[in-house]
Amino acid sequence: MLSCSLNEDLTLVCCLFRLKLSSLAQFKKLSTLRSSAATTSLYNNNSRVAEQNCLALLESCNSLAKLTQIHAHLLKSGLQNNAFVLTKFASTSSHLNVIDYAASIAFSHLDSISTHHLYDAFLFNTVIRAYAQTSHAKHNAISSYSLMLHHAIPPNKFTFPFLLKACAGLLDLNLGKQVHGSVAKFGFDTDLYVQNTMVHMYACCVGGIEFARKVFDEMPKTSHVSWSAMIGGYARLGRSNNAIGLFRKMQIAGVKPDEVTMVSVLSACVDLGALELGKWLEFYIEREGVLKTVELCNALIDMFAKCGDVDEAMRVFRKMNDKTIVSWTSVIVGLAMHGRGVEAVAFFEEMKRAGVAPDDVAFIGLLSACSHAGLVEEGQRYFSSMASEYAIVPKIEHYGCMVDLLGRAGLVKQALEFIQEMPIAPNPVIWRTLIHACRVHGELELSETISRRLIGDEPTHGSNYVLLSNIYAKMFRWENKTKIREVMDKRGLRKVPGCSMIELNSEIYEFVAGDKTHSQYKEIYEMLDEMGRMVKRAGYIPVTSDVLLDIDEEDKEDALNRHSEKLAIAFALLNTLPGTPIRIVKNLRVCGDCHSATKFISKVYNREIVVRDRNRFHHFKDGSCSCKDFW
DNA sequence: TTAGGGTTAG
């Protein structure tokens, strides 16, 4: 009954809470007293009430103007040195100017008194916490800590979790080590909360993961939070096998994960594209009764969509009671990745009908859906609706989607004009998007020009050289291609090796091109030969222009035949029952030849083959692909 | 007053 939708003065609402008044009539009677005059008189007559009121007012403070007003009340009622009020003052808002103002007021009393108050550490903790939670002023948390030490105020065990959180956000390993030293100096390095935050801090800092692991391994006692922090650290770094491995160890150690742990584990699972593991994780969540928060359900949606089963993602979504924009967006992005653009658009419309306003991320999903499905006009209409209907200023990512949308549809010139007219400077991603469109649609001259410029802009970016080298291969300009290779060697740049992963009986197998490390490699290569014969008989012609090396046609075919994706398929055909779908996860984009060969394999061997490449999914079935050869 | 987590173009 005290919901703020009544639009009453929050001071009174807080008073009501304190007086435990429950009748609406009484509330209404009290609310008539609402006026600044009444509040002021309260301050003047009773300092205790004034303190309570001040605290209540601060509770709802969200602007500098309001804070200044409260400050006036504070001075009027002689509360400028009240520790409770000052502390509250310092933690009123997430707005930086308010925190700065509050901190300056809070700290100003330190100079005016000779002895420290019991709550001074409390006060600093609050300021440190407020800064640690900001997005751009985390370093102020560190300065406040220095100030604290400068005033000879000893930190307490609550100080460090806040401080370490700020370090985690600053990603600075050296700073983290310094704070670690300080933690030890004050003897709080044995506190579980502090240790957990320490693990998190190191795991967030650049190059700090091994330090995190050291702290974690040396902890005499851990909680599920310690494990979560460590697993989350691995997951964020893409060290997914470490994350999953540690999760298994956690179970062996008998520590029960909670919903936060499971979100990190699911994100590692997404990275591996391990659908079977993901399904088991959902089963585990149900079996162990892990609280299915909105965040956890969102992670499940994301997992199913990115591990290749967007229908399962939809099932999780439909069962959710409370959905957020993230839930909707995860489904939209998922549908887009699977080339189900029309459904993604319909889903976006359903979201709007449900009264959920799209945000910038939802638009990225929607526009990429339009792009992957070739819905040019719809995409253009939605793009202009961003500003006109939703007052969302398009970001570089949205422009990127539009370049892709036009480029994929073959409107390369329009895409170029679009880039030239963009109100923000194009980034290398935009140019690479255009180059890809040029390659697909045979605009080789243009792609060469842009590609050369890109190398000038980003000389240390290996993929730019590979791009140009591929363009020269398509143009049959072998000399230029060789030169590019030489430049790469000279500059010590390397092509990222293609890698394909496949999950089989709870194991994940990785293949790189020409891989002979697998124990079954002889059978795999025999299978490859057989596959080659079968698909050729069905009409497959190798796409040798995708081969980077300047070698004769027969060798080129051989090189193509050893691509990681084909090795993984051969391995799957050998080790799974006929008719079982094959799921492969690649680190790069599918090459033209593998794409063509996989279509034939799906038909010849009567297998559904689902390939997740760097950007999207390809569902191969009966000799065709869900991307309609448009990727 | 203290710790760990979710959607983002190519």
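Values in this document were obtained by computation on a predicted structure and should not be read as measured data. Naming convention: chains lettered A, B, ... in sequence-line order (proteins, then strands); numbering from 1 in each chain.
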Quiz prompt | side-chain contact (heavy atoms from CB on, under 4.5 Å) against A/Cys307, all qualifying residues, sequence neighbours excluded | solution = A/Cys269, A/Leu275, A/Met303
Quiz prompt | With A/Leu192 via side-chain contact (heavy atoms from CB on, under 4.5 Å) - residues at least two apart | solution = A/Gln195, A/Asn196, A/Met219, A/Ser223, A/Ser226
Reckon [X] touches a base, only the sugar-phosphate, or nothing at all at heavy-atom distances under 4.0 Å?
X        : value
A/Asp258 : base
A/Thr261 : base
A/Leu266 : nothing
A/Val199 : nothing
A/Asp359 : nothing
A/Asn427 : base
A/Thr197 : sugar-phosphate
A/Asp404 : sugar-phosphate
A/Ser223 : base
A/Arg236 : sugar-phosphate

Go through [options] for me and flag the one nearest to the [X] side chain.
X        : options              : value
A/His200 : B/dA9, B/dT1, B/dG5  : B/dG5
A/Val260 : B/dG4, B/dT8, B/dT2  : B/dG4
A/Arg129 : B/dG10, B/dT1, B/dT7 : B/dT1

Could you state the atom-to-atom distance from [atom1] of [X] to [atom2] of [N] in whole Å?
X        : N     : atom1 : atom2 : result
A/Met262 : B/dG4 : CE    : P     : 19 Å
A/His224 : B/dG4 : NE2   : P     : 12 Å
A/Asp271 : B/dT7 : CG    : P     : 12 Å
A/Met230 : B/dG5 : CE    : C1'   : 16 Å
A/Lys306 : B/dT8 : NZ    : C1'   : 8 Å
A/Ile128 : B/dT1 : CD1   : P     : 17 Å
A/Lys165 : B/dG5 : NZ    : P     : 8 Å
A/Glu259 : B/dG6 : CD    : P     : 13 Å

[X] with [Y]: basic N within carboxylate O range, under 4.0 Å:
X        : Y        : result
A/Arg315 : A/Glu282 : yes
A/Lys292 : A/Glu286 : yes
A/Lys323 : A/Glu350 : no
A/Lys177 : A/Asp172 : no

Quiz item: Are A/Phe347 and A/Glu343 close enough that some pair of their side-chain heavy atoms sits under 4.5 Å apart?
Solution: no
Exercise. Within residues 316-327 of chain A, find the residues that approach DNA chain B with a heavy atom at under 4.0 Å, and present them sorted by residue number.
Key: A/Thr324, A/Val326
Quiz item: Hey, is A/Phe158 stacking on B/dT2? Ring centres under 5.5 Å, planes under 30°.
Solution: no
Quiz item: Do A/Ser228 side-chain and B/dG4 base share a donor-acceptor contact under 3.5 Å?
Solution: yes
Practice problem: Look at the side chain of A/Ser264 against the base of B/dG5 and say whether a donor-acceptor pair falls under 3.5 Å; ignore hydrogens and angles. | Solution: no
Quiz item: With ring centroids as reference points, do A/Phe158 and A/Phe122 lie under 6.0 angstrom apart?
Solution: no
